[in-house]
Each structure stands twice: as C-alpha cells, then as structure tokens.
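To keep things clear, I will list the structure first and then write my remarks on it.
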Amino acid sequence: MIPNPTTNAEQILRERYYLRDPKGVICETAHQLFRRVAEHVASVEGADKAVWTDIFYKTMTRLEFLPNSPTLMNAGLLNGQLSACFVLPIDDRLEAIFTTLKNAALIHQSGGGTGYNFSKLRPKDDFIGSSGGRSSGPIAFMKVYDAATEHVKQGGKRRGANMGILNVNHPDIEAFVVSKSDGAQLQNFNISVGITDDFMKAVEKSDDWELVNPRTQKVVKAIKASHLWDTICQEAWKTGDPGLIFLDTINRNNPTPHQGLIESTNPCGEVPLLAYESCNLGSLNLMKMLKRENGKVSIDWSKLKNTVQIAIRFLDNVISVNHYLLPQTEEKSTGNRKVGLGVMGWAELLISLGIPYASEDAVRLGEHLMEYIKVWSYETSKALATQRGAFPSWKQSKHASHSPLRNATCNSIAPTGSISVIADTSYSIEPLFALAYKRVGILGDTTQTELNSVFVQQMRQMGYWDEHLKSEVLKTGSIQHLSSIPADLKKLFETSLEIPWKYHLLHQQAFQKHTDNAVSKTINLPKSATVNDVSDSYLTAWKYDLKGITVFRDGSRQRQVLQHCSLN
Ligand code: ADP
C-alpha cells in the first residue's frame with residue numbers, strides 16, 4: 001500500500017534528508033523520516049495526538065502531501081527550524097545591515113531562504129554623517145551578503161537562497177539591473193526590481209521617471225522610464241535576472257496592512273512577507289488526486305478536499321511546534337500564522353486527463369482546481385479558528401469582516417524543487433521540461449538521462465512505445481519532430497520550451513486568481529526568443545495582476561538545474 005521511494009527520491013533523501021548518527025552514517029529510512037515528522041507535527045494535538053500522527057504519516061508516505069524541505073529535514077530534532085521562507089529588514093545603518101546578515105546566516109544554516117528589499121539603503125557615494133565619508137551603496141552590501149551565503153553551506157544540504165529587491169525609483173537602480181550581467185556576481189541571489197503601477201504607466205506613456213534618495217527623500221535624477229524598462233528586459237533576456245515584483249498588486253492584497261507595507265518576497269517569489277515574517281509551505285501531489293472508473297481517469301474531488309483539510313491542519317501545527325531562531329520571527333509568525341498550501345504534479349495530471357497544457361481547457365481547469373483548493377483551505381482555517389482561536393492579529397486584519405480565521409494566508413504555489421523529486425512528479429504548476437533529461441545535483445554532478453515515466457506509460461498504453469521512439473526521445477527530449485506520432489499526442493506532450501510563453505503566463509494567472517500569497521513560476525522561453533518577447537511577457541504579467549514574474553531563456557545562464565538532454 002505504501003510506495004517505496006523511487007531511485008531519484010531515495011538518492012535525494014539520502015543526500016539531504018535522512019538523519020545521520022554522529023559519524024555521519026544514515027540512521028533512518030523514508031518511513032522513519034515520515035514517522036518522525038508526523039509525530040512532531042501532531043504533538044500539539046493533545047488527546048488526539050496518536051490519531052493525527054497516523055493521519056499525517058499516511059498522507060506523507062502515500063506522497064499525497066509533502067511539507068517544505070526544512071520541515072522534512074528538521075522536525076523532531078532539538079530546536080528544529082521548520083520554515084522555508086523568511087523576509088528580513090535592511091535598515092540604513094551599518095549595525096542593522098550586519099545584524100540582518102547574521103540572522104540570515106542562521107536562517108540559511110537551518111535550511112531556510114531569505115528575501116530582503118535593499119531600497120532603504122542610501123545610494124552609492126551618498127554622504128555618511130558619522131565618518132564624513134561616502135556610502136558603498138546597496139549593491140556593495142548585497143555582495144557582502146552573497147559572499148556570506150557562499151560560505152554557509154547549510155550543513156552541505158543546500159546552498160542558501162536569497163531574494164534581493166531594489167525599488168524602481170532607487171538612485172542605484174540602473175546599476176542594480178545589470179549587477180548579474182557578467183554571470184559571476186551575486187550567484188546566491190535572485191534579483192528583482194520592485195515595480196510600482198506608476199512606473200508601468202510611465203513606461204506605457206514614455207514619460208520621465210524620477211529617482212529618489214531614500215535618505216533625503218529628494219529627487220536626484222530623472223531618466224526615461226522606457227529606457228530603464230528596455231535595460232531590464234535586455235538583461236532578463238541575457239541572464240534571467242532581474243525578475244519583477246509588483247509591489248502595488250502585492251499590497252492591495254496584503255491581509256494585514258495595519259502592520260505596514262510588504263516590501264519583499266521570499267527567494268522564489270511565492271510568499272510576500274512583512275519584515276521578520278516566515279511562512280510554512282506544503283504541496284499537494286495532484287497525481288495522487290486521480291481516480292480510475294471504467295477505464296476513465298478523472299479528478300477525485302472528495303480525496304482532494306480531504307487532503308487539503310489534513311494539509312492545512314498540518315501546516316497550522318507546524319507554526320506551533322516550530323523553533324524560531326529569532327524572537328522577532330516568533331512574534332510575527334505566530335501573530336499572523338501564515339501558511340502556504342500549493343500543488344505539484346500539475347503537468348502530469350493534465351497529461352493523465354488527456355488535456356494539453358497549451359489549451360483553454362487546461363487554463364480553465366487550473367483556475368477551477370485552485371479555487372476548490374482555496375475554498376477548502378479557508379473552510380479548514382475557519383474550523384481551526386473555532387477550535388483553537390483566530391490568528392492574534394485577525395481583528396485588525398482585512399479578514400475581520402468575515403468569520404474568524406486561524407491563518408492570515410493559506411495558499412502559495414512554491415517551486416517544489418526538491419519535494420517533487422521525492423514525490424516523483426512534475427514540478428509545481430510547470431509543464432514538463434523535457435520528455436528526457438539529465439538532472440544536475442547540488443554539487444554540479446549530472447545523473448543518467450531519465451525518461452519521464454508518465455510519458456512512457458501513456459505511449460506504451462497507446463501502442464507507440466518502441467526502440468525507435470525511445471532513442472529519438474533520449475536524443476532530443478521531444479516528440480515534435482516524429483512523423484509517426486499523431487498531432488493530438490504531439491500536442492499533449494509539448495514541453496516547456498515548445499509551449500508559447502502566453503500559456504505559461506495564463507497558467508500562472510489561473511492559479512494566482514485563487515492564491516492569496518503568490519505563484520512561483522518560470523516563464524521558459526526558447527533560445528530564439530527576442531528581447532521584445534521578454535518585454536511583452538513582463539508587461540502582460542502586470543496586466544494580469546500577477547505578483548511577480550521570472551523569465552528564463554534557454555541556454556541564457558551557464559548552469560541550469562534541469563538540462564535538456566540534447567544540450568549535453
Ligand atoms: P522544497 O521543494 O525544497 O521544499 P521549493 O523549491 O518549493 O522547496 O522552494 C520553496 C522555498 O524554499 C523557496 O522559495 C525558498 O524560500 C526556500 N528554498 C528553496 N531552496 C532553498 C535553498 N537551497 N536554500 C534555502 N532556501 C531555499
């Protein structure tokens with residue numbers, strides 16, 4: 001009944017998740033890992049502890065739901081830090097900059113990722129009162145953070161991940177936009193420009209755009225908005241950075257505006273957070289939410305609802321059993337109790353249902369599915385509030401006009417970079433990257449070429465699987481060039497780079513509509529995409545009310561986590 005981990009899953013579990021004895025020898029199995037996590041997370045259930053331990057254990061071992069990596073790695077350990085996502089403040093004082101750097105190092109060591117907005121820092125060469133000298137500026141301090149991250153290797157399990165944001169009206173914005181251009185600097189950062197609606201309107205109208213010194217609030221320079229926009233798009237075309245964060249859209253949806261503006265997200269963009277907030281993520285494995293009746297495959301909605309209820313309770317428990325590294329994160333995280341339940345396996349679910357990713361039907365189903373997940377997430381949070389009380393800042397929050405809620409937010413679509421390997425399914429809401437690929441490990445090592453198992457299974461069932469097809473797919477990662485395959489099957493198996501960017505964005509929009517936090521999605525573009533394509537997709541993302549956007553043009557960065565096998 002309980003599946004054993006696949007080879008890839010077992011490999012990643014051995015490398016990074018299983019507990020080790022003091023000599024470094026692995027001392028648990030996948031089942032013991034899930035038991036350790038279930039017991040710890042159910043420890044707040046009082047008299048029902050055994051019941052909930054069993055429910056959580058079964059849900060994880062069946063790979064129906066998995067929490068984010070730090071929960072799997074650290075639950076049950078002394079002072080186990082269980083959250084994936086943090087945002088820390090960067091104030092314009094040397095002491096504050098280095099206090100946050102220390103806090104970031106502690107968070108990285110525990111497996112968490114950190115996001116920051118550097119816009120409060122005075123620009124490069126600005127005046128420093130205490131010394132009479134000149135300031136180094138935000139980019140110099142980002143480099144210090146980057147170097148520190150490089151050397152805190154999270155016990156060899158993961159490299160630290162940072163999001164660095166600079167607002168579009170900061171005087172150093174032009175230098176920031178090109179700060180990763182040489183492919184060598186800030187390798188431990190994703191960088192994003194903090195965009196406002198006013199800036200987007202200025203771009204549309206080709207207006208001037210004023211840059212303001214955050215220390216003096218004085219305008220120091222006016223530039224052409226469209227010129228800055230072109231540089232942003234050119235750089236993103238060239239390197240994948242910077243992405244955009246739409247600050248006004250985020251703050252229109254901020255559930256606790258009385259606590260201030262949201263200025264940053266976590267590293268991959270799926271959780272906008274206030275300074276010192278953290279968020280616990282978890283993802284439903286959609287491939288486990290299917291049923292087969294009379295040879296027909298469909299979504300098992302009642303199983304989905306049941307799993308959402310278990311998952312939200314699980315994530316709410318995580319907030320209570322978590323060990324917080326800083327008193328400020330404890331206060332903020334337990335005050336707002338934000339959780340982020342998302343999905344993985346979306347592409348494989350669509351394939352199983354015979355729906356091509358690049359189709360209106362897929363987009364419509366995505367919206368409907370996420371709405372269903374949102375509704376049951378909120379129903380569960382409501383029920384938990386009745387039993388356990390609303391989140392402490394509920395009365396001042398935007399939720400106060402409705403029934404009490406246990407959590408200020410419930411949903412996020414995370415990238416599921418590691419947990420989808422453990423669950424043996426496709427990443428998050430991403431299309432299949434290729435039908436065959438080599439995976440690059442954390443240490444840069446590549447594995448054997450792998451075939452996507454859902455693809456192989458479907459081709460076998462339909463009688464198309466043979467040695468010729470296998471060798472073609474191993475060579476190219478695609479079936480689009482094969483005359484022996486009918487058009488509808490080719491359409492069903494279009495991969496990331498074969499899917500027009502508009503459909504990537506439509507899926508992001510469909511899921512964002514019913515996600516109170518945000519959606520982490522990479523808009524993959526083929527090598528032949530132009531700077532104009534990047535500009536169009538960035539503009540469309542703003543018009544779609546997305547909270548952020550990242551593009552990645554094939555081959556534009558030296559190291560990719562998944563490589564199309566024809567590139568090797
Ligand atoms: P996982 O599959 O390991 O649970 P995701 O790929 O879904 O993680 O990423 C979720 C969040 O976890 C990211 O947005 C980021 O905040 C954090 N994160 C991911 N990878 C790392 C890393 N290598 N180091 C630190 N934090 C990370």
Side-chain angles (χ1 to χ4, degrees), residues 8-9 12-13 15-17 37 60 63 65-75 81-88 104-116 145-146 148-165 187-190 192 243 245 264-273 277-285 311 314-315 318 325 329 338-346 411-430 439-443 517-522 547-548 550 559 561-562:
N8 275 328
I12 204 169
L13 287 167
E15 275 174 13
R16 303 183 215 174
Y17 293 82
V37 176
M60 286 186 287
L63 304 173
F65 159 80
L66 290 177
N68 55 212
S69 290
T71 302
L72 293 174
M73 290 168 176
N74 302 334
Q81 193 294 110
L82 310 181
S83 311
C85 309
F86 295 81
V87 162
L88 295 175
L106 294 174
I107 289 169
H108 290 171
Q109 188 185 33
S110 75
T114 41
Y116 341 74
Y145 274 55
D146 188 58
T149 306
E150 184 65 32
H151 298 290
V152 182
K153 290 272 168 60
Q154 304 186 328
K157 290 175 177 174
R158 352 208 250 174
R159 267 164 196 275
N162 299 291
M163 167 67 87
I165 296 173
Q187 289 303 294
N188 298 299
F189 267 92
N190 289 331
S192 283
I245 296 284
S264 181
T265 68
N266 70 326
C268 305
E270 71 275 20
V271 203
L273 292 170
E277 266 190 312
S278 67
C279 183
N280 300 302
L281 306 174
S283 299
L284 303 157
N285 179 357
F314 181 107
L315 293 174
V318 171
L325 297 168
T329 33
K338 285 186 177 173
V339 299
L341 178 63
V343 300
M344 52 186 159
W346 171 233
N411 301 114
S412 280
I413 306 291
T416 71
S418 303
I419 59 170
S420 64
V421 179
I422 299 173
D424 188 29
T425 192
S426 54
Y427 296 107
S428 184
I429 59 162
E430 300 291 352
R439 215 178 277 280
V440 183
I442 35 167
L443 304 172
N517 285 308
V519 177
S520 168
K521 167 102 186 65
T522 304
K547 293 183 178 169
T550 311
R559 189 170 162 272
V561 175
L562 289 171

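Counting starts at 1 for both ligands and their atoms, in listed order.
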Checklist entry - Between Phe314 and Phe65, how do the two ring planes meet: parallel, tilted or perpendicular, split at 30° and 60°? => result perpendicular
Checklist entry - Does Gly269, backbone or side chain, put an N or O under 3.5 Å from an N or O of ligand 1? => result no
Checklist entry - What part of Glu270, side chain, backbone, both or neither, has a heavy atom within less than 4.0 angstrom of ligand 1? => result side chain
Checklist entry - Ser69 heavy atoms, cut-off 4.0 Å: which ligand 1 atoms fall inside? => result 1 (P), 3 (O), 4 (O)
Checklist outcome for this item: Within 4.0 Å of some non-hydrogen atom of Gly113, the atoms of ligand 1 are 25 (C), 26 (N)
Checklist entry - Should you measure from each heavy atom of Ala414, which atoms of ligand 1 turn up under 4.0 Å away? => result 7 (O)
Checklist entry - Using 30° and 60° as the class limits, which term best fits the ring planes of Tyr116 and Phe189: parallel, tilted or perpendicular? => result tilted
Next on the checklist: Once rounded to the nearest 0.5 Å, what's the spacing between atom CD1 of Ile419 and atom OG of Ser283?
Outcome noted: 4.0 Å
Item to check | ligand 1 contact on Leu281 by region, counting heavy-atom pairs under 4.0 Å | outcome: side chain
Next on the checklist: Can you confirm whether Leu273 sits close enough to Ser264 that some side-chain heavy atom of one is under 4.5 Å from a side-chain heavy atom of the other?
Outcome noted: no
Checklist entry - For the side chain of Ser428 and the backbone of Ala414, is there at least one donor-acceptor N/O pair under 3.5 Å apart? => result yes
Item to check | Atoms of ligand 1 close to Gly112 [distance to a heavy atom under 4.0 angstrom, numbered from 1] | outcome: 25 (C), 26 (N)
Next on the checklist: Checking side-chain hydrogen bond (donor to acceptor under 3.5 Å, both in side chains) between Asn162 and each of Asn188, Asn190, Thr149, Asn266, which is the one that passes?
Outcome noted: Thr149
Next on the checklist: Under a 4.0 angstrom heavy-atom cut-off, which atoms of ligand 1 come close to Cys268?
Outcome noted: 13 (C), 14 (O)
Checklist entry - Does Ser412 use its side chain to pair, donor to acceptor, with the backbone of Glu270 at less than 3.5 Å? => result yes
Checklist entry - Are Trp346 and Thr425 side-chain neighbours, meaning at least one heavy-atom pair lies under 4.5 Å? => result no
Item to check | Under 3.5 Å: donor-acceptor pair, side chain of Asn68, backbone of Leu281 | outcome: yes
Checklist outcome for this item: Nearest heavy atom to atom 9 (O) of ligand 1, choosing from Ser283, Ser420, Pro415, belongs to Pro415
Next on the checklist: Is there a polar contact, in the sense of an N or O pair closer than 3.5 Å, between Gly160 and ligand 1?
Outcome noted: no
Checklist outcome for this item: So the atoms of ligand 1 within less than 4.0 Å of a heavy atom of Cys85 turn out to be 16 (O)
Item to check | Atoms of ligand 1, numbered as shown, that sit under 4.0 Å from any heavy atom of Asn68 | outcome: 4 (O)
Next on the checklist: Does the residue Gly111 have a heavy-atom contact with ligand 1, meaning some pair of atoms that are separated by less than 4.0 Å?
Outcome noted: yes
Item to check | Proximity to ligand 1 by part of Asn266, non-hydrogen separation under 4.0 Å | outcome: side chain
